[in-house]
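Shown next, in structure tokens, is the structure this report addresses.
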Amino acid sequence: MITLTINGKKVVVPVGATILEAALQNGIEIPNLCYDKRLSPYGACRLCVVEVEGQKKLLAACSTPVTEGMEVKTETPKLFKARQTVLELLLVHHPLDCPVCDKAGECKLQDLAFKYCSTKSRFKGEKKHELVDTGSPIVERNSNRCILCGKCVRVCGELQGVGAINLLGRGFASKISPAFEETLDCEFCGQCIDACPVGALGSKPYKYSSRAWFLEAHDNICPYCGVGCTVTYDIRDGKIIRAKGIEGKGINEGNLCVKGRFGFDFIYSKTRLKTPLIKEGDGFKSASWEEALNHIAKKLKAIKDANGADAIGAIGSPRCTVEDNFMLRKFMKDVIGSDNIDSSARFGYAKIQRAVEMSFGLESLPVDFNSPLGKEAILIIESDITSTHPVWGLNFLKAQRKGSFLITADTRETKLTRHSSQWLRLKPGTGTALLNGIIKIAFDEGLYDKEKASRISGLSFLSDGVKDYTSKKVSDITGISEDIFINTAKRFLKAGSRLISLTIGTSEDTKGLNTALAAANLLLLIGEGPASLQMPAEYCNTFGMWHQGLRQGRSGRDIISMLYGEDTVKALYIMGENPAVTFPDASTVDKALRGLDFLVVQDIMLTETAKLADVVLPAASWAEKDGTFICAEGIEQKVQKISQTEGEPVPDWQILRNLSRAMGFEVGAKDISALQDEINEIKTAERTAETIFNPVEYIPGEVPDADYPLTMITGNLMQHSGALSVMSRSLSHVLADAFLQISNADAEKYNVRDEGFVKVASRRGSVMVKARISDEVPQGSVFLPVHFPHAKINTLTHLSLNGEAPLSAVKIEAVK
Amino acid sequence: MEKFLLRNTENPNSADIEEYIKTGGYKNISKAFELQPSDIIEEVKKSGLRGRGGAGFPTFMKWSFASADKKFPKYLICNADEGEPGTFKDRPILEKNPHLLIEGMIISGYALKAEYGYIYLRGEYPYAYDVMNQAVRDAYDKGYLGDNILGKNIKFNLVVHLGAGAYICGEETALLDSLEGRRGLPRNKPPFPVNAGAWGMPTIVNNVETLANIPHIIEIGADAYSKIGFPDCPGPKLYCVSGHVEKPGVFELPMGISLREIIYDYAGGTKNGKKLKAVFPGGISAPVLPADSIDCAMDFVSLPKAGSMLGSAAVMVMDETVCMVKIAHRAMKFFERESCGKCTPCREGTEWLRKILERIENGRGRNEDISLLTDISNNIFGKSFCALGDGAAGVMKSILKHFRAEFEEHIKEKRCRFKQKD
């Protein structure tokens, strides 16, 4: 620790802190325009200059490290003059169009000018006359207002790892622009908007919608992925009109991705359900809540009486709160009397959970947001974490920047592969073979923790199990050259601290249970604990839903038995899920849904699934109710009602409680806090952790052949999440259509034009999408994002139950 | 004085490797390889060599900091981005004596345990680029460069990198950014390049002339070297003289020779015997000296006492026909153009200095302009990110200090009297 004096006050700060950090930690404000806690010091604006005893020059507080006994003054007449001149110079060229600038009222330049400047300037200069870049979908750049602090450039390059913009030109002619002054085309995270101290970067959806001083800020948890970011929503007239991250706030510390920042507007979609709907002929008729609930009660009773409780099933939602899912389970158990309850996590998170139980004997394994930092070697298996969990992904980039050896095994080129120390471009779905190969090298070279491993049961099975995974064989399976594989494996095994991360999501098809087990085997063998295996839960409340028991009960049926089997259920109650779009093998699902005697869907919109329902109930969205999300880190976070609703939506838990009452059961839950008390009383059973090696084989998914020669990879885009985000208008401005990503070589081979339509067919069905030729996928593989309902990509996919990656083989045909 | 840095440069084939070897070239490598790397650093310390780039920082100190850092690989970078106006002292080395520089870099690389070297060459030196590249190729062919120099298992690889014409890239951290393929912007210090320079590794950036002195130190020994010229910063020094003199050119003279001797004894005095008015002793970033200050010794110690600095030892001589407002305007035009744009005081300040000077020169000056110039300069000086802003403000302040009357005259008479004389 270092002791110094600031403005006569003694302060103690850690070694390596800068003067500005020391001041901020002790509540002393020093004006600045280019400082950002998340970025390395830049020292450009020269507003944070301070006087230091014994130094002739003024020093920039943001980039001067503190030294023992330093005496700093932050407010003196000399400093006032220096700051005043800097601001005076900045204001000469600034358009001063504050009356029509969205930033007015929260603009740093405005605030500082107010504090330091007089109404007169000694300089009279030309204003800048750059064209405003309005061409990009959601970010608008007005470089006339820019003061060249460079924060946006650094946030984009240093923090986001994108580098879409940079300074062009030199000196006075410097300006910030994408390369060749083209229109901004990036991942549209919007981090630059939050970073901009002035109005040079703005959100298009927010433009001209309010003056800053009319906004009411409310924090809430983001409804998208499992990271659980805290988002600050600005509300006007009961409506969210802007989302922003606030420095240091929440797990995300103020960082947000494109979904979190722009994707909230799905709740204002014109297609929101306003009243309950009851099927009538080919369409629906609006109904009152009373009418709808009584109708459902009557129907469910009749089915239960005729076919027994086992004929009724329910599907919960990882996007609904803990309370909603708890209530659904309670409704099924206490009112219907059935354990037939499950969710889409069956296709994703269930596999992670199974691996965690089998390998580590743990009830759950939350991820740690900061786990990548400080690890010597990180291995990511076929997971595009910067798309599925964008803000967490930033920590992997940060780790690499700070010296971690980042190994990314992925078929596709992603942001992570671009920032990797070593990119292993393997064939799709061969991660298990890669991991087994590394385990074999660990055995062969003695690069494992003999003492710890010998205490784990199954060591000899494991060594037998990987016997065949020679480097040659691994190279043949994965397509990675033998040399690179061996060197990378050794580099990983010899590292002082190691981490493996992978995601298994509903829409990803390159990993299965075996991949997770193989990763666990490897880590246990080399003496690492469960915390070194980071497998995040997929959505905002996947973790909470699973651990509140919304999964197949002991005597119940899972989703596979309910929807895919010979003997499907007769009635299904679906809360906040869209199986017709998001579940694999869409044709089978569609058939099962149509074959139901009775289908109830409660959702915020008339989804593809809801269109098949007998009764549709309008639910409140996440911003229109109180409740709890538990994020992938296992942290419980409250969500609040911050937005008013149009129409009559009701929180999911409340619908279920009311339905229970309509069916003649009193289930308690008189209000949300009573329900939360009830949930809090449940104690989850602790398990004694027992670690076991579970040797696994690499099982290929559907293997390409002469008829279906290409491997299809499905996955997520950075701008979308499941089938929810496509309802957002802002996100749809960035990307609204499905596409097939295909290599140049394959495009030539199959006569596919860029942006031309292709028919993609698997053994189960076919779809039509536009093609995009890209070198992000290698020859032999094609990539399809699954988010877009109209594309029905899941028509092509299939169920996978044997631990393998659920890959599908497809053929393509260009459409004339 | 016996020439060392420009030895044999009258010979039209001096850049040829055979010619260089014939005149004793590359023999200092073998001599150096017999010493321990630390011994060479000690020799450099004893020699008293100070960096020739402009700041005059003791070379051994930079070297010791880099040697003490345990990270590898280390990089040795030759700053050949000779962009300071009026400066052309490194050019004869680069164009006529390239092997001296290479030899100096090989020895320095060995002393610093740096196995990779770069010569960051000024973008406007295309001829030097060709010469240097040919020299590097020849040195590889002869086994002076490569992975096994002279069969002694010593490694030093050298690449010539051509800049793209930005003055700021002569600043060592901006040079590193540019070398790494980024936009050349000065970096924050600390960390200093000796600890985290090119690609985050310990990096020594030395001027061409500094590195070219190394073989001489090895050749004649630190003791003999330290006796050349001014004792506090000894050694041979290249002075490049331009402007209103009879014989402009580069002169290799002992450090500490007086400005008067340089102008009158070597450069042949003022052109047509006109009256001397002012001299920039060290490039345009060094404050101007009036005619009565030319008895000052030209070294890193004496010039600061006289109110200027040695800088790049580019002596720019101006006679009585010169308008100092115009000189200031021309200088500020340069700094405005070359300001990288990173920090506010320099980016915005240099523009305003230029604008105000422009109106004074054109007879549209206002009474408050002199105080405005002073105020802007004071707000750049010591407040800008790097030395570029300090240089601009320093020069502006020095011109105002010595030639204030000329500015007042311009404003009062609303014209430039020098213009009418033309």
Side-chain angles (χ1 to χ4, degrees), chain A residues 16 18 33-34 40-49 51 55-60 62-65 67 78-79 81-94 121-126 147-150 153-154 157 163 166-176 401-403, chain B residues 71 164-169 173-174 182-191 196 200 332-356 359 366 368-369 371-373 375-390 392:
Chain A
T18 61
L33 284 169
C34 70
S40 49
Y42 191 57
C45 73
R46 311 315 273 183
L47 277 171
C48 70
V49 285
E51 283 193 68
Q55 294 280 343
K56 264 195 290 178
K57 282 184 160 193
L58 302 181
L59 299 179
C62 70
S63 44
T64 311
T67 52
K78 194 174 165 189
L79 295 172
K81 179 81 179 65
R83 290 171 189 159
Q84 190 180 42
T85 310
V86 164
L87 288 163
E88 192 183 2
L89 288 169
L90 285 175
L91 288 172
V92 180
H93 307 283
H94 190 85
S121 174
R122 293 172 294 167
F123 309 106
K124 198 161 180 253
E126 285 216 6
I147 51 157
L148 296 171
C149 69
V153 171
R154 291 174 292 135
N166 206 335
L167 286 148
L168 294 190
R170 208 162 52 187
F172 188 73
S174 301
K175 62 175 168 185
I176 286 161
R401 231 175 18 249
K402 302 241 164 188
Chain B
K71 291 196 294 287
Y167 173 64
I168 190 65
C169 293
T173 57
R182 300 165 202 267
R183 176 186 167 84
L185 288 187
R187 295 180 183 175
N188 250 321
K189 291 182 273 193
M332 289 314 127
K333 214 168 146 184
F334 172 79
F335 287 116
E336 180 200 6
R337 192 188 138 79
E338 293 298 341
S339 166
C340 73
K342 179 169 179 168
C343 73
T344 322
C346 175
R347 180 185 69 232
E348 311 279 337
T350 51
E351 190 222 4
W352 281 104
L353 289 177
R354 193 265 301 155
K355 278 190 178 170
I356 295 164
R359 69 180 180 227
R366 304 167 193 167
E368 69 272 19
D369 277 353
S371 65
L372 202 50
L373 288 174
D375 194 58
I376 300 171
S377 305
N378 285 339
N379 274 292
I380 301 176
F381 198 79
K383 296 171 185 75
S384 61
F385 186 88
C386 76
L388 192 147
D390 286 348

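- Contact of I380(B) with chain A is not made at all, since no heavy-atom distance falls under 4.5 Å.
- Listed here is the closest heavy atom pair of F172(A) and E351(B): CE1-OE1, 3.2 Å.
- The NZ atom of K342(B) sits 8.5 Å away from atom CZ of R46(A), with the distance rounded to the nearest 0.5 Å.
- N378(B) is not listed as a side-chain neighbour of K81(A), based on a closest heavy-atom distance of 4.5 Å or more.
- For R187(B), no part lies near chain A; criterion is any non-hydrogen pair under 4.5 Å.
- Only the side chain of L185(B) comes within contact range of chain A, with heavy atoms under 4.5 Å apart.
- Residue A60(A) does not touch chain B at all, counting heavy-atom pairs closer than 4.5 Å.
- With a 6.0 Å radius and a threshold of 12 heavy atoms from other residues, nucleotides or ligands, K402(A) has its NZ atom at or below the threshold.
- Minimum heavy-atom separation, G349(B) to L89(A): N-CD1, 4.1 Å.
- Closest non-hydrogen pair, N188(B) versus S63(A), comes out as OD1-CB, 3.0 Å.
- Considering every non-hydrogen atom in both R183(B) and L167(A), the closest pair reads NH1-O, 3.0 Å.
- Heavy atoms of K78(A) lying under 4.5 Å from chain B are absent altogether.
- In this structure, chain A has a heavy atom under 4.5 Å from the backbone of S384(B), while its side chain stays farther away.
- Between chain B and the options T64(A), L90(A), V49(A), the largest number of non-hydrogen pairs under 4.5 Å is found for L90(A).
- The part of P190(B) that comes within reach of chain A is its side chain, from C-beta onward, which places non-hydrogen atoms under 4.5 angstrom from that chain.
- Rounding to the nearest 0.5 Å places CZ of R170(A) at 9.5 Å from CD1 of I168(B).
- Within 6.0 Å of atom NZ in K355(B), more than 12 heavy atoms from other residues, nucleotides or ligands are found, so the atom counts as buried in its surroundings.
- Closest heavy-atom contact between P345(B) and V86(A): CG-CG2, 4.2 Å.
- Residue contact with chain B, scored on non-hydrogen atoms closer than 4.5 Å, is absent for L33(A).
- Taking all atoms of both residues into account, the shortest heavy-atom contact from I147(A) to R347(B) is O-NH2, 3.3 Å.
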Residues T85(A), K383(B); criterion side-chain contact (heavy atoms from CB on, under 4.5 Å); working and verdict: CA-CA 11 Å; T85(A) 310; K383(B) 296 171 185 75; over 6 Å; no
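- When each of S174(A), P41(A), A44(A) is checked for heavy-atom pairs under 4.5 Å with chain B, A44(A) comes out on top.
- Residue-environment remark: CZ (R359(B)) exceeds the threshold of 12 foreign heavy atoms within 6.0 Å.
- Note: E348(B) CD to L87(A) CG = 11.0 Å, rounded to the nearest 0.5 Å.
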